[in-house]
Q: 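Next up is a structure, given as structure tokens.
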Amino acid sequence: MRLSRAEYKEIVRCTEHLRPTRQCMKMLRERFPHHSQSTLLSIFSLEYQKRIKRTNSRHHTPDVIESHYQRYLSEAKARPTAPVLLELANEVDLSPALMARIILDRFLQDLEGGVSSKTVLNNMLKEPSLIPDQTLANNIYQCTINDCCYGPLVDCIKHAIGQEHEVLLRDKLRERNLSFLDENQLRAMGYDKTPDIILEVPVAVEGHIVHWIESKASFGDDHSHRTYLNEQFWSYWNRAHQPARCHRRELPVSKHSLQIWGLIRGQGGFLARSPN
């Protein structure tokens, strides 16, 4: 179903003080039963990431890092089986996965006697069993599985969903007998920066001509549109004057939480809909 701008703003308001937990997602589903979990999660994830970007720097000063680390050590010693790192992240309003990275990085500095290896840090975050301290390993694991917005688990899920939706997009185009070139074909032709799909014969969608489609594993709010326009989409538009198939003059319209982005001429508004 379509999501109006008013409904979108109401959902955003309800996410302002929520944490990235299953309980918070349950609250959102109960508050907005007519929208899918994937839509609500995608909107919440985007808004939560904006919130973290505004406050994340305060948690990376040396004195704050040391305070968090000593607090963790004290709490873990007093309650070795409790999810103290997850509780600390929620208390200071920081993503559990980001808190896990801060504390593990500080732990490795003591272990290695200096700046920790980024490769070792990332490997341990992905596989906590590699961490030599079992209590810390358990806490890192708890933070990873209880964070629906950040961390290696979320990254894997997003990548898998992105791949799935690209396959779904190609299947839907073939079902409709639409001739197209996908990203792999375009790169084989020498393009270094391409949309996911270029339609060899443009199609009309709700009165607008669509030349190409970009699939994004995120919700398309106004800020996302501006960012993708500046960092990605205008480069496609700039090829309009070259003797290539990438000749287009469009502005974005979003389709869904894990949506299909189609660039549609003359339409700069906000639109979200189910992919079905």
Side-chain angles (χ1 to χ4, degrees), residues 12-25 27-28 41-158 218-219 221 223-224 227:
V12 169
R13 282 194 295 270
C14 289
T15 68
E16 289 178 353
H17 303 292
L18 296 182
R19 306 290 170 80
T21 64
R22 295 185 182 90
Q23 292 78 12
C24 288
M25 287 311 305
M27 291 170 55
L28 276 179
L41 174 58
S42 194
I43 294 174
F44 169 73
S45 179
L46 189 63
E47 294 304 314
Y48 185 73
Q49 288 173 37
K50 291 178 188 176
R51 190 199 314 172
I52 291 298
K53 286 177 182 178
R54 291 194 298 266
T55 61
N56 191 39
S57 60
R58 73 178 65 162
H59 297 285
H60 284 79
T61 61
D63 56 333
V64 172
I65 291 174
E66 191 62 27
S67 174
H68 289 339
Y69 186 58
Q70 294 303 323
R71 173 85 178 277
Y72 160 73
L73 292 176
S74 175
E75 292 290 336
K77 184 177 181 180
R79 300 183 295 141
T81 61
V84 295
L85 199 54
L86 180 61
E87 293 172 359
L88 177 59
N90 289 331
E91 180 182 323
V92 300
D93 196 20
L94 179 64
S95 156
L98 296 183
M99 176 62 81
R101 173 176 283 274
I102 289 172
I103 298 303
L104 181 57
D105 186 34
R106 177 63 181 80
F107 169 80
L108 290 175
Q109 288 176 27
D110 279 352
L111 188 68
E112 300 175 0
V115 178
S116 63
S117 164
K118 197 168 186 179
T119 300
V120 172
L121 174 63
N122 289 333
N123 287 340
M124 287 184 174
L125 288 170
K126 293 176 183 177
E127 184 48 73
S129 64
L130 297 174
I131 301 172
D133 184 308
Q134 187 60 52
T135 300
L136 179 58
N138 290 337
N139 275 274
I140 297 296
Y141 176 73
Q142 287 291 332
C143 286
T144 299
I145 64 173
N146 283 285
D147 194 324
C148 63
C149 297
Y150 286 94
L153 179 59
V154 172
D155 290 341
C156 287
I157 293 172
K158 285 183 177 179
S218 61
F219 191 83
D221 68 347
H223 179 266
S224 296
T227 300

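From a predicted model like this one, the values you see are computed outputs, not experimental measurements.
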Q: Atom CZ of Phe107 and atom CG of Asp133: how far apart are they, to the nearest 0.5 Å?
A: 5.0 Å
Q: What residues form a side-chain contact (heavy atoms from CB on, under 4.5 Å) with Val120, not counting sequence neighbours?
A: Leu108, Glu112, Ser117, Met124
Q: Restricting to non-hydrogen atoms, name the atom on Thr135 and the atom on Pro80 that form the minimum distance, rounded to 0.1 Å.
A: CG2-O, 3.7 Å
Q: Give, for atom CD1 of Ile102 and atom CG of Leu88, the distance between the pair rounded to the nearest 0.5 Å.
A: 9.5 Å
Q: With side chains defined as the heavy atoms from C-beta onward, is the minimum distance between Thr144 and Leu125 less than 4.5 Å?
A: no
Q: Which heavy atom of Ile52 sits nearest a heavy atom of Ser95, and at what distance?
A: CD1-N, 3.7 Å
Q: Start with the C-alpha gap between Leu94 and Asn56, add the side-chain angles, then the distance that decides, and say whether side chain to side chain contact (heavy atoms under 4.5 Å, CB included) holds.
A: CA-CA 7 Å; Leu94 179 64; Asn56 191 39; 3.7 Å; yes
Q: Could you pull out the closest heavy-atom pair between Met25 and Phe44, with the gap in Å?
A: SD-CD2, 4.0 Å
Q: One pair to check against side chain to side chain contact (heavy atoms under 4.5 Å, CB included): Gln109 and Arg106. What are the steps and the verdict?
A: CA-CA 5 Å; Gln109 288 176 27; Arg106 177 63 181 80; 4.2 Å; yes
Q: Could you state the interatomic distance from SG (Cys149) to CG (Leu46), rounded to the nearest 0.5 Å?
A: 9.5 Å
Q: Output every pair passing salt bridge (charged side-chain N to carboxylate O under 4.0 Å, His left out) with a member in residues 90-101, not counting sequence neighbours, ordered by first then second residue.
A: Arg19-Asp93, Arg51-Asp93, Arg71-Glu91
Q: Give, for atom CG of Asn122 and atom CD of Glu127, the distance between the pair rounded to the nearest 0.5 Å.
A: 13.5 Å
Q: Determine whether Cys148 and Tyr48 satisfy the following criterion, side chain to side chain contact (heavy atoms under 4.5 Å, CB included), listing intermediate values before the conclusion.
A: CA-CA 10 Å; Cys148 63; Tyr48 185 73; over 6 Å; no
Q: Identify the heavy atoms of Cys143 and Pro96 that sit nearest to each other, and give their distance.
A: CB-O, 3.4 Å
Q: Measuring from atom CG of Leu85 to atom CD of Glu75, what distance do you get when rounded to the nearest 0.5 angstrom?
A: 11.0 Å
Q: Tell me, do Glu47 and Lys50 make a side-chain contact under 4.5 Å, heavy atoms counted?
A: yes
Q: Scan residues 61-104 for pairs that pass ring pair (Phe, Tyr, Trp, His ring centres under 6.0 Å), counting only residues two or more places apart or in two chains.
A: His59-His68
Q: Going by the side chain to side chain contact (heavy atoms under 4.5 Å, CB included) test, name the single residue among Ile145, Leu130, Leu104 that passes it with Ile140.
A: Leu104
Q: Compare every heavy atom of Ala137 with every heavy atom of Pro128, then report the nearest pair and how far apart it is.
A: O-CB, 3.3 Å
Q: Is there a donor-acceptor contact under 3.5 Å linking the side chains of Gln70 and Ser74?
A: no
Q: Do Asn138 and Gln134 get their side chains close enough for a donor-acceptor pair, meaning under 3.5 Å?
A: yes
Q: To the closest 0.5 Å, what do you measure between CD1 (Ile131) and OH (Tyr141)?
A: 13.0 Å
